[in-house]
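The next block holds one structure in the form of structure tokens; read it before the comments.
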Amino acid sequence: MNTSNDRPKLGLYSLTSCSGDILEITNLEEDLLRLLDVVEVVDLNVAMPSTGKSPDIALVEGAVTQPDEARFLRRLRKKAKYIVSIGTCACTGGVVARGTKKRKEWLREVYPETGEGFTSTFPRPVGDVVPVDFSVPGCPIERGYLMHCLGYLLKGVTPEVPNYPLCMECKMKGNECLLRYRGLPCLGPVTRAGCGARQPSVGRPCDGCFGPYEDANKEALVEIFRRMGLGEDEIRMRFDLFWER
Ligand code: SF4
Ligand code: SF4
């Protein structure tokens with residue numbers, strides 16, 4: 001086993017979020033032991049006080065909704081070699097960044113007593129506040145995908161990630177196509193692969209949390225949805241969950 005002095009230092013930071021991505025990391029099981037053999041965890045802000053050491057790799061989950069979080073990120077940027085946004089909230093703002101126009105209305109509806117008094121700013125991705133070296137999308141992240149990316153980063157190399165649609169992973173699993181054979185509005189044809197077709201593999205259409213791959217043809221899929229009989233509002237809502245940021 002390497003001593004803590006010669007292992008790269010890893011920091012795990014949670015901003016405004018459900019902490020689901022950090023939770024996925026703690027659930028890495030045997031891979032977690034392998035990871036801890038090659039890195040030293042210097043920060044885990046949801047569970048332990050900081051060691052005060054600067055991280056080589058900072059994994060940041062969650063959206064930025066507080067001035068304190070933006071200040072924290074600027075300090076982190078000066079110390080960390082790599083900042084990696086993990087999870088869709090950190091990468092694009094995620095589910096919490098929905099409803100630009102209706103936000104106040106929703107806050108009043110859900111929190112009638114206190115909704116008006118919230119001081120949080122509109123959720124922003126980490127990359128809106130500081131330069132990010134790499135993004136690992138997913139709601140939550142896919143453990144194998146994260147380990148793949150960390151393997152590259154620990155060698156000082158930018159990770160190679162799939163630039164093809166989720167449908168390819170879905171086909172490789174031998175799944176029946178939910179779009180073609182069950183008429184379900186799956187976003188797989190325009191969503192970046194990497195999750196292993198989590199939802200289609202259990203009979204649910206993809207919601208697009210990995211975001212688009214390069215050259216994804218959204219208009220073609222919108223046209224297919226129209227021909228399937230989906231209304232314009234339904235189509236907009238399909239893309240609104242994760243895509244339109
Ligand atoms: S179920 Fe969805 S992801 Fe799978 S092949 Fe069909 S459209 Fe693509
Ligand atoms: S199937 Fe789609 S929504 Fe589900 S995890 Fe994969 S990319 Fe995200």
Side-chain angles (χ1 to χ4, degrees), residues 17-29 31 59-63 84-99 123 125-127 134-150 159-230 234-245:
S17 68
C18 65
S19 297
D21 303 296
I22 300 284
L23 205 58
E24 281 299 300
I25 295 173
T26 61
N27 282 340
L28 279 168
E29 299 170 351
D31 278 344
L59 304 182
V60 183
E61 76 164 358
V84 181
S85 47
I86 59 165
T88 303
C89 291
C91 295
T92 66
V95 174
V96 288
R98 288 180 87 187
V126 172
F134 195 72
S135 295
V136 177
C139 185
I141 52 166
E142 178 65 27
R143 299 177 207 172
Y145 189 95
L146 176 74
M147 291 300 283
H148 164 86
C149 295
L150 277 178
E160 278 184 24
V161 294
N163 189 30
Y164 48 80
L166 182 70
C167 293
M168 287 185 65
E169 285 182 337
C170 195
K171 292 288 177 205
M172 284 191 272
K173 289 204 155 176
N175 295 334
E176 179 189 60
C177 179
L178 303 173
L179 182 69
R180 179 158 190 189
Y181 296 109
R182 288 206 230 157
L184 295 174
C186 185
L187 295 189
V190 291
T191 298
R192 186 185 294 278
C195 74
R198 275 200 299 231
Q199 286 177 215
S201 299
V202 294
R204 279 181 51 89
C206 170
D207 291 313
C209 76
F210 267 55
Y213 60 96
E214 284 167 33
D215 302 328
N217 190 344
K218 178 187 166 188
E219 277 318 306
L221 188 61
V222 167
E223 196 46 45
I224 289 173
F225 286 170
R226 283 189 188 121
R227 277 192 254 132
M228 283 164 52
L230 265 69
E234 282 175 283
I235 294 172
R236 196 171 28 76
M237 282 178 72
R238 283 301 289 147
F239 285 94
D240 181 52
L241 191 58
F242 290 115
W243 259 59
E244 308 289 15
R245 299 287 179 267

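Counting starts at 1 for both ligands and their atoms, following the listed order.
At least one heavy atom of P200 sits closer than 4.0 Å to an atom of ligand 2. Residue-ligand proximity: G138 is placed with every non-hydrogen atom at 4.0 Å or more from ligand 2.
Counting non-hydrogen atoms of neighbouring residues, nucleotides and ligands closer than 6.0 angstrom, the CD atom of E160 reaches no more than 12 such neighbours.
A donor-acceptor contact shorter than 3.5 Å is absent between the side chain of T191 and the backbone of G211.
Counting only heavy atoms of the protein, atom 1 (S) of ligand 1 lies nearest to L178 N, 3.2 Å. Counting only heavy atoms of the protein, atom 2 (Fe) of ligand 2 lies nearest to C206 SG, 2.3 Å. The nearest heavy-atom contact from the protein to atom 4 (Fe) of ligand 2 is Q199 OE1, 2.7 Å. C177 SG, 2.4 Å is the protein heavy atom nearest to atom 6 (Fe) of ligand 1.
The nearest pair of heavy atoms linking V96 to G93 is CG2-O, 3.1 Å.
Interface of G208 with ligand 2, defined as ligand atoms under 4.0 Å from a residue heavy atom, comprises 2 (Fe), 3 (S). Heavy-atom contacts of P189 reach the following atoms of ligand 1: 7 (S) (cutoff under 4.0 Å). Shown in contact with C170 at under 4.0 Å from a heavy atom are these atoms of ligand 1, numbered in order with element: 1 (S), 3 (S), 4 (Fe), 5 (S). The ligand atoms of ligand 2 that sit less than 4.0 angstrom from a heavy atom of C209 are 3 (S), 5 (S), 7 (S), 8 (Fe).
Only the side chain of C195 comes within contact range of ligand 2, with a heavy atom under 4.0 Å; no backbone atom does.
Using bins of under 30°, 30° to 60° and over 60° for the plane-to-plane angle, the ring pair F225/F239 lands in the tilted bin.
Closest to atom 8 (Fe) of ligand 1 by heavy atom, among A193, G188, C167, is C167.
With contacts defined as side-chain heavy-atom distances shorter than 4.5 Å, the pair L150/L59 qualifies. Proximity of K173 to P200: side-chain heavy atoms (C-beta onward) are nowhere separated by under 4.5 Å.
With rounding to the nearest 0.5 Å, the separation of CG in L221 from CG in N217 is 8.5 Å. Interatomic distance, CG of N163 versus CZ of R192, reported as 5.0 Å (0.5 Å rounding).
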